[in-house]
Amino acid sequence: KQEVTQIPAALSVPEGENLVLNCSFTDSAIYNLQWFRQDPGKGLTSLLLIQSSQREQTSGRLNASLDKSSGRSTLYIAASQPGDSATYLCAVSNDYKLSFGAGTTVTVRA
Amino acid sequence: EAGVVQSPRYKIIEKKQPVAFWCNPISGHNTLYWYRQNLGQGPELLIRYENEEAVDDSQLPKDRFSAERLKGVDSTLKIQPAELGDSAVYLCASSLEGRSTDTQYFGPGTRLTVL
């Protein structure tokens, strides 16, 4: 069974600081990895999807890397803003099924 | 383009009562998913539909949970009877074809509280 772990569980940073969120998974036979954002009381919004053949994906201030062989992904958020405060979840795809981590709750202080 | 629609957004019931959740996926999306998210955890898949067919319901507690997707569009998830441990957020998602490379789009969820 795929196990996905996200560390740290919570993170608080001052505005402008870069964010580094980590995700690890136990089964490297994945199709892709996604990073999602979840705001309180809301659903999940897909931020980045990295196919298993790719090493990284970028969107604006977001950059995600994937090292499939070591079972790790990192989400970087540059120059954080208070609006980046949310819970960030990573999910890996095995055979059409998404397995999620528990998320990292980020607070960006103004 | 409208996103995934779910209703109700919140539901509070007494234990042993029945409850139902409704989901309307993005137009044209053939694959529909129901997830359950317990507090402080990531979502876990309950059931996946390809059109009308439930192709993966291995994680659905079939003694009390049931789901249907008539006509391959909207879907209903039912719990009867509800237990205290069923308190969670129930998320519906859809994707175009259900391929592993497809992005899943999530609705806002239904927050269930069982008293």
Side-chain angles (χ1 to χ4, degrees), chain A residues 1-10 21-54 57 59 64 66 68 73 86-105, chain B residues 2-11 21 23-26 30-50 53-60 88-113:
Chain A
K1 180 185 174 185
Q2 177 74 269
E3 299 288 341
V4 182
T5 303
Q6 292 188 246
I7 294 173
L21 309 180
N22 297 301
C23 172
S24 62
F25 47 94
T26 54
D27 184 353
S28 62
I30 64 171
Y31 288 97
N32 59 55
L33 182 145
Q34 283 185 263
W35 283 94
F36 291 87
R37 169 180 172 142
Q38 187 171 34
D39 293 285
K42 303 286 182 63
L44 279 68
T45 301
S46 181
L47 298 174
L48 291 168
L49 185 151
I50 311 175
Q51 301 294 351
S52 62
S53 59
Q54 298 176 315
Q57 276 284 0
S59 176
L66 173 64
K68 201 173 69 165
S73 176
T87 297
Y88 293 83
L89 297 100
C90 74
V92 296
S93 172
N94 294 94
D95 192 22
Y96 310 109
K97 179 179 176 180
L98 281 181
S99 298
F100 285 83
T104 295
T105 299
Chain B
V4 176
V5 179
Q6 290 188 247
S7 68
R9 293 293 315 278
Y10 305 91
K11 190 73 177 180
F21 315 123
C23 172
N24 185 252
I26 292 173
N30 294 328
T31 305
L32 184 146
Y33 312 78
W34 282 104
Y35 289 85
R36 178 169 60 187
Q37 185 176 21
N38 292 315
L39 187 64
Q41 298 181 21
E44 293 183 329
L45 180 69
L46 292 173
I47 190 168
R48 176 171 68 97
Y49 281 93
E50 294 286 349
E53 183 182 0
V55 295
D56 182 358
D57 63 355
S58 58
Q59 301 302 310
L60 190 72
V89 176
Y90 291 83
L91 294 162
C92 178
S94 69
S95 65
L96 195 58
E97 293 288 349
R99 294 167 297 195
S100 298
T101 54
D102 285 347
T103 297
Q104 294 184 27
Y105 296 87
F106 284 78
T110 297
R111 182 176 298 275
L112 173 67
T113 301

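Order of the sequence lines fixes the chain letters, A, B, ..., with proteins taken first and strands second; residue numbering starts at 1 for each chain.
- Both the backbone and the side chain of A:Leu44 come within contact range of chain B, each with at least one heavy atom under 4.5 Å from a heavy atom of that chain.
- Of the candidates B:Phe106, B:Tyr90, B:Phe21, B:Tyr35 forms a ring pair (Phe, Tyr, Trp, His ring centres under 6.0 Å) with just one, namely B:Phe106.
- Listed by sequence position, A:Tyr31 are the residues of residues 21-31 of chain A in contact with chain B, using a 4.5 angstrom heavy-atom cutoff.
- Checking A:Ser73, A:Ser46, A:Cys90 one by one against A:Gln34, the side chain to side chain contact (heavy atoms under 4.5 Å, CB included) holds for a single residue, A:Ser46.
- Considering all non-hydrogen atoms of both residues, A:Gln6 and A:Ala102 come closest at OE1-N, 3.9 Å.
- Ranked by heavy-atom pairs shorter than 4.5 Å toward chain B, the options A:Leu98, A:Leu49, A:Leu89 are led by A:Leu98.
- With a 4.5 Å cut-off on non-hydrogen atoms, B:Tyr105 does not touch chain A at all.
- In this structure, the side chain of B:Gln6 engages the main chain of B:Cys92 through a donor-acceptor pair within 3.5 Å.
- Only the side chain of A:Gln38 comes within contact range of chain B, judged by heavy atoms closer than 4.5 Å.
- Listed by chain and residue number, B:Arg48 satisfy the salt bridge (charged side-chain N to carboxylate O under 4.0 Å, His left out) test with B:Glu50 (two or more places apart in sequence, or in another chain).
- Shown here for B:Val4 and B:Cys23, the closest heavy-atom pair between the two residues is CG1-SG, 3.7 Å.
- The side chain to side chain contact (heavy atoms under 4.5 Å, CB included) check on B:Asn30 picks up B:Asn51, B:Glu97, with sequence neighbours excluded.
- Put simply, of A:Gly43, A:Ala91, A:Ser93, the one with the most heavy-atom pairs under 4.5 Å next to chain B is A:Gly43.
- In this view, A:Asp39 and A:Arg37 satisfy the salt bridge (charged side-chain N to carboxylate O under 4.0 Å, His left out) rule, not counting sequence neighbours.
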